[in-house]
Amino acid sequence: PREARRTADRACLGGMARTARVISRMPEAILVGAQVRGIVEAYLQERPELVELCVTAIGSERADAGPPEAAVEGLRANLSRLFGGVNTGPVDSIDYTTPLRAELLRAWAVAAGDPGVEATRWLLEGAPAGISELPVLDGVFPVANEASADYMSPEDLDFGDYQGFTNYQGIDEDQLVADELARFCGLGYLKRLVTMAECKAYLGAEPVLSRFGLIVRDKFGKTKRRLILDVKQSRVKYSTRRTHRVPLPRGTDVVYDTLECMKATGVSNSPDDDGLEYIVLDVVEAFWNIPLAKAERRYFVGRHRGAYFVFLRAAQGSPNGPLAWSGVASLCMRLSQAAFWESGRCPLRINTYVDDPIVVIRGSHEQRRRRIAALIMLWLCMGLSLAFHKGAHSAKVDWIGLSVSVAADSVELCINAQRVDEMRGLTALALTKNVLGKKWLRTYVGKASSFASVLVFWRPFLADIWASLFSE
């Protein structure tokens with residue numbers, strides 16, 4: 001099965017993992033990327049202050065970190081001319097809104113011959129959730145193999161049992177949940193309706209109610225809270241068809257890309273000479289960037305303190321939410337990656353784990369600064385909002401629980417000490433038990449599998465446990 005998955009992955013384009021390698025198979029994208037690079041370089045040459053603003057924004061806590069919107073808009077206008085004067089504004093129709101520049105991305109993708117252009121339609125017309133309509137990205141991601149026996153017709157879902165509906169205990173009383181829902185409504189992610197009659201009139205159909213859930217996790221000394229819609233409890237999950245798997249990068253993919261950057265002549269220890277560094281720069285509110293198709297919204301409705309909340313964007317908890325985001329994100333990464341193929345080599349290489357890109361950059365100190373600025377400007381032109389305050393750029397960075405560092409002649413990949421301590425604690429707890437629940441074991445093996453992306457000799461042992469968990 002592992003080899004079959006790898007074969008399927010190689011047969012598709014991808015774009016989240018080792019994006020530079022993907023682009024090496026797309027000659028049209030490289031040609032268009034060269035034109036885009038020329039426009040960006042000329043723009044930065046005329047406005048050298050933008051380089052400093054982009055580079056110093058990474059890791060900055062300032063609310064106004066980064067280039068001014070007017071400067072980004074000026075570059076968008078130049079890119080628009082390249083693609084025939086296309087509209088570069090955000091999507092803002094009666095039914096759908098998103099800050100992503102759908103028309104610009106579509107024209108760019110068409111010019112580059114990118115098969116992921118279908119994802120731009122999702123920004124304009126709403127992304128399918130796999131219930132009323134299937135999200136299809138042929139040739140981009142491998143097909144998901146799911147047992148049809150688990151499928152449940154949407155017609156068999158619970159419509160109309162609204163009086164007996166209750167949230168999880170404590171959710172209605174939780175002010176944090178109320179505050180988050182109010183914030184999401186203010187941002188246009190949710191639609192609040194006071195009565196069920198209003199909700200039905202807005203949707204034009206009977207809704208299926210799902211419970212809100214608040215996931216609280218203590219990670220590495222920080223408490224994170226995430227509001228989700230529990231579509232498993234309402235059985236909406238079982239009426240959802242997953243069409244694709246999304247292959248995501250491992251830490252070793254970053255190592256391989258670093259070695260690709262190093263292999264020509266090696267790198268120097270001097271920051272002013274030919275050197276390497278990484279940048280890590282997360283995308284803000286990733287899933288919330290993707291509008292949800294109108295026909296799917298009746299299946300993504302929650303209730304809190306008597307009011308009804310309809311999801312207008314891809315729901316946190318929807319089985320196809322990750323695909324909707326990854327379809328758009330992978331397109332953005334492929335288009336931006338193509339702008340950094342220079343004379344048959346690629347001195348900037350991107351890997352993206354869901355909404356956490358890591359980029360390895362080679363060049364002199366000044367070249368690296370200009371490439372960082374060019375990449376940031378391109379991402380902002382696409383409409384991506386970047387978490388500058390969480391960003392980092394250095395020869396050593398932390399990324400998805402890993403630490404990666406580069407020296408003159410080596411690359412080092414380590415699992416963070418906090419994760420090791422967590423795994424050690426879970427293992428010690430397991431050894432005190434005579435019986436382990438399946439849910440707990442799935443969590444444990446899932447965490448161990450992330451270790452196996454670095455400690456590859458763990459994989460055969462974990463495969464046996466996974467097999468036993470999913471056997472009849």
Side-chain angles (χ1 to χ4, degrees), residues 15-16 19-20 22-23 29 32-33 36-37 39-41 43-44 47 50-51 53-60 64-80 82-83 88-91 98-109 112 114 116 119-120 123 278-290 325-341 346 348-361 368-393 399:
M16 303 296 273
T19 313
V22 171
I23 294 301
V32 172
V36 170
R37 184 175 68 253
I39 289 172
V40 179
E41 288 179 347
Y43 196 77
L44 294 176
R47 301 163 182 80
L50 293 178
V51 174
L53 287 171
C54 288
V55 174
T56 57
I58 302 173
S60 173
D64 62 347
E69 179 57 30
V72 177
E73 194 56 47
L75 181 56
R76 281 196 194 108
N78 290 356
L79 292 173
S80 173
L82 173 64
F83 299 118
T88 63
V91 177
T98 174
L100 299 179
R101 271 47 182 186
E103 296 285 3
L104 174 62
L105 288 171
R106 181 162 64 180
W108 195 339
D114 195 304
T120 63
L123 299 176
Y278 301 100
I279 65 168
V280 174
L281 196 54
D282 297 0
V283 179
V284 176
E285 306 278 28
F287 286 33
W288 294 114
N289 283 304
I290 312 301
W325 162 249
S326 297
V328 174
S330 65
L331 175 64
C332 292
M333 296 306 152
R334 288 191 300 272
L335 296 178
S336 54
Q337 177 69 83
F340 294 93
W341 271 90
C346 192
L348 180 150
R349 293 169 181 263
I350 305 170
N351 284 275
T352 308
Y353 193 92
V354 187
D355 56 355
D356 297 342
I358 183 171
V359 186
V360 56
I361 305 170
R368 296 197 304 272
R369 283 169 52 86
R370 295 183 72 82
R371 284 168 183 152
I372 290 170
L375 182 63
I376 287 174
M377 290 294 289
L378 285 178
W379 283 351
L380 293 175
C381 282
M382 293 172 175
L384 297 172
S385 181
L386 304 175
F388 286 117
H389 66 286
K390 294 167 60 178
H393 71 110
W399 177 68

(Q) I'd like to know if E69 and R76 make a salt bridge, using a cut-off of under 4.0 Å between side-chain N and carboxylate O. (A) yes
Q: Answer yes or no: is there a donor N or O on one side and an acceptor on the other, between the side chain of T120 and the main chain of A102, under 3.5 Å?
A: no
Q: Check whether any side-chain heavy atom of P99 sits under 4.5 Å from a side-chain heavy atom of N289, and report yes or no.
A: yes
Q. Given side chains that start at C-beta, do those of V36 and F83 come closer than 4.5 Å, heavy atoms only?
A. yes
Q: Looking only at non-hydrogen atoms, find the nearest pair between P67 and L380 and report the distance.
A: CG-CD1, 3.5 Å
(Q) For the CG atom of L79 and the OH atom of Y43, what is their distance to the nearest 0.5 Å? (A) 10.0 Å
Q) Donor-acceptor pair, W379 side chain versus L386 backbone, under 3.5 Å? A) no
Q) For the residue pair L335 and A109, what are the closest heavy atoms and their distance? A) CD2-CA, 4.1 Å
Q) Step by step, would you call V354 with F287 a side-chain contact (heavy atoms from CB on, under 4.5 Å)? A) CA-CA 9 Å; V354 187; F287 286 33; 3.9 Å; yes
Q. Between C346 and A20, what is the shortest heavy-atom contact and its length?
A. SG-CB, 3.9 Å
Q | Any side-chain heavy-atom pair of N351 and V360 under 4.5 Å | A | no
Q) Any donor-acceptor pair under 3.5 Å linking the side chain of W399 with the backbone of D356? A) yes
Q: Mind checking the NE2-CZ spacing from H393 to R368? Nearest 0.5 Å is all I need.
A: 10.0 Å
(Q) Please report the interatomic distance SG(C332) to CG(L384), rounded to the nearest 0.5 Å. (A) 4.5 Å
Q. Has Y353 got more than 12 heavy atoms of other residues, nucleotides or ligands less than 6.0 Å from its OH?
A. no
Q | Spacing of W341 atom CH2 and L348 atom CG [to the nearest 0.5 Å] | A | 12.0 Å
**Q.** Heavy-atom pair of closest approach, residues A71 and M377
**A.** O-CE, 3.9 Å
Q: Decide yes or no for I376 and I58: does some side-chain heavy atom of the first lie under 4.5 Å from some side-chain heavy atom of the second?
A: yes
Q.
If I compare all heavy atoms of A286 with all of D355, which pair ends up nearest, and what's the gap?
A. CB-CB, 3.5 Å
Q) Any side-chain heavy atom of L375 sitting closer than 4.5 Å to one from I279? A) yes
Q.
Donor-acceptor check, side chain of E285 to backbone of S385, threshold 3.5 angstrom: yes or no?
A. no
Q: Quick one: pull up CG in L104 and SG in C381 and give me the separation to the nearest 0.5 Å.
A: 7.5 Å
Q) So, does E103 use its side chain to make a donor-acceptor pair with the main chain of G89 at under 3.5 Å? A) no
Q. Can you check whether W325 reaches V283 side chain to side chain, under 4.5 Å on heavy atoms?
A. yes
Q. T98 side chain to L100 main-chain N or O, any donor-acceptor pair under 3.5 Å?
A. yes
Q) Heavy-atom distance under 4.5 Å between the side chains of R334 and D114, does that happen here? A) yes
Q) Do W108 and L82 come within less than 4.5 Å of each other through their side chains, counting heavy atoms only? A) no
Q) Hey, what do you get for CE (M333) to CD1 (I350), rounding to the nearest 0.5 Å? A) 6.0 Å
**Q.** Atom of G391, atom of L281 and distance for their closest heavy-atom approach
**A.** CA-CD1, 4.1 Å
Q: Report yes or no: does S60 contribute a side-chain atom to a donor-acceptor pair with the main-chain N or O of T56 at less than 3.5 Å?
A: no
Q. Is the backbone of T88 close enough, under 3.5 Å, to the side chain of R101 for a donor and an acceptor to pair up by distance?
A. yes
